[in-house]
Colleague: 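Here it is, the structure in full.
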Amino acid sequence: MYNEIDLDKIDINSEPPAEEPARQYYFIAKCREIVKRKSEELGRPLYACTVNMGCQMNARDSEKLRGVLKGIGYAEGEEDEADFVIYNTCTVRENANSRVYGRLGQLKPRKARSPQMLVGLCGCMMQEPEVVEKLKKSYRFVDIIFGTHNIYKFAELIATRLESERIVIDIWKDTDQIVEDLPSERKYPFKSGVNIMFGCNNFCSYCIVPYVRGRERSREPEAILREIERLVADGVTEVMLLGQNVNSYGKTLDVPMSFAELLKEIEKIEGLRRIRFMTSHPKDLSDELIEAMAGSSKICKHLHLPVQSGSTEILKKMNRRYTKEQYLELVDKLRAAVPDISLTTDIIVGFPGETEEDFLETLDVVRRVRYDSAFTFIYSRRTGTPAAAMEGQVEEEAVKDRFNRLLTEVQTIAAEMCAVHTGTVQEALVESVSDHDASMVTGRLGNNLLVHFVGDKSLVGEYVKVRLDVCRGFYFIGSKA
Ligand code: 5AD
Ligand code: SF4
């Protein structure tokens, strides 16, 4: 869609159109004129840098921001040289917020030296009213602040800022709107994230996401399929379907559709080779989805299935709506249907009221499931969530001790799970030249493990059969088979 729009044909002297996405293309065209003028004055391109600080959803949002910035005429630059720095923030844990304030503190002297520089803040953290208050009071040099619901209005917000010289703050509490067909600038030419739904209705008691990303809304299947078809025509062979809880996809559509049904439709797209998705909530993982995974040659045999805790008691307090036993049964069912499936998870330690016995239940789940990898988090108290007000906040020493024990267990098992593949030949999608050795490339296997092997940049984007020679804990050194 974007490629078909000729920005030169838009009359920027007329009133902006009311409908989307035409309105945003109007503002892209308008900003482009201003940026062009500034760039001619300076005798160099203007640079922008978008920093993503959060999850895959956040990374995908950043691609949309970069798409708009490119349309406006900004070249991509490093943060320390950029004329426009945008932090796309996360707020899922407290330390994410502290990091943003720290980086803003570092930007301040630069901005004082070059007042024409722009600083933008967006993402989940901006959906917290206390944060915006603090920014207004103590970080007055920020130029544009917006949230998660109106990211599609980025071009319009930049236009307002460029024309008014005033700080632009636009935060929406929630939205039921989904604006399609805006530009985006992908990080990789051969793979892409695709939003299938936004928001979350689960209200796990520790989690701030439902408050900052709003209610669950699914995109229409036709819009998703059209986007993927277009991506494939543009060279993409792997998609990652994104949503906070993909297993409840389609429930709120006018014509409801299950996630498994959507997968089957996506699978039919010719030229698409790999389908991934995240995140799956165990309570909504259906038999239909397990069957779809088992019967598919395109859906990667990898499932990220956050357990959060192994204690039924704690799971109840977390409002996860499954027990330890139900989770373990689900894993058994998955492994029976898809024997070579790779399982990864998220685990929180130190949730309010967690006792040593509760923690041992978590370790027990880890030992029984034997995850291929796990993200482990120390519980972070998020103001406004029910858990923040719960009694029995666990003492720091105990949490650290549990966290270290969990990490050791998770890493030992992950290394053993990885080593099982040693000597096998698997297909890797080459993603880049290796960061550590320019004579090697890095590829991703269907099960999400990485393999480094001898090759050059001509292989990037190609599928290559690789023998996994040596396991290095959580990745492989291999050779072309
Ligand atoms: N404290 C610690 N970890 C959290 N997560 C979400 N909220 C919190 C919190 N308050 C973790 C969960 C989730 C992952 C994305 O972040 O494990 O699955
Ligand atoms: Fe947060 Fe739970 Fe929703 Fe995941 S499912 S985003 S942990 S509330």
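Numbering of ligands and ligand atoms starts at 1, following listing order. Every value quoted in this text rests on a predicted model; they were computed, and no experiment measured them.
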Colleague: Check each atom of ligand 1 against the heavy atoms of V92 and keep those under 4.0 Å away; list them by number with element.
Modeller: 6 (C), 7 (N), 8 (C), 9 (C), 10 (N)

Colleague: So which heavy atom on M197 is nearest to which on M57, and how close?
Modeller: O-CE, 4.2 Å

Colleague: Looking at non-hydrogen atoms alone, which of S380, S309, A388 comes nearest to atom 9 (C) of ligand 1?
Modeller: S380

Colleague: Any nitrogen or oxygen of Y379, main chain or side chain, under 3.5 Å from a nitrogen or oxygen of ligand 1?
Modeller: no

Colleague: Any heavy atom of I378 sitting closer than 4.0 Å to ligand 1?
Modeller: yes

Colleague: Please confirm whether the ring centroid of F146 lies under 6.0 Å from the ring centroid of F154.
Modeller: yes

Colleague: Taking the ring of Y74 and the ring of F84, is the distance between their centroids below 6.0 Å?
Modeller: yes

Colleague: Does the gap between the ring centers of Y139 and Y101 come in under 6.0 Å?
Modeller: yes

Colleague: Under 4.0 Å from any heavy atom of I348, which atoms of ligand 1 are there?
Modeller: 3 (N), 4 (C), 5 (N), 12 (C), 17 (O)

Colleague: Is it true that the NZ or CZ of R273 lies under 6.0 Å from the centre of Y463's six-membered ring and within 45 degrees of the ring axis?
Modeller: yes

Colleague: Just checking, R405 and F359: is the charged tip under 6.0 Å from the six-membered ring centre and within 45° of the axis?
Modeller: no

Colleague: Under 4.0 Å from a heavy atom of R382: give me the atoms of ligand 1 that qualify, with their elements.
Modeller: 10 (N)

Colleague: State the atoms of ligand 1, each with its element, that fall below the 4.0 Å cut-off from a heavy-atom position in R93.
Modeller: 1 (N), 2 (C), 3 (N), 4 (C), 5 (N), 11 (C), 16 (O)

Colleague: Heavy-atom contacts with Q308 under 4.0 Å: which atoms of ligand 1 show up? List them by number with element.
Modeller: 12 (C), 13 (C), 17 (O), 18 (O)

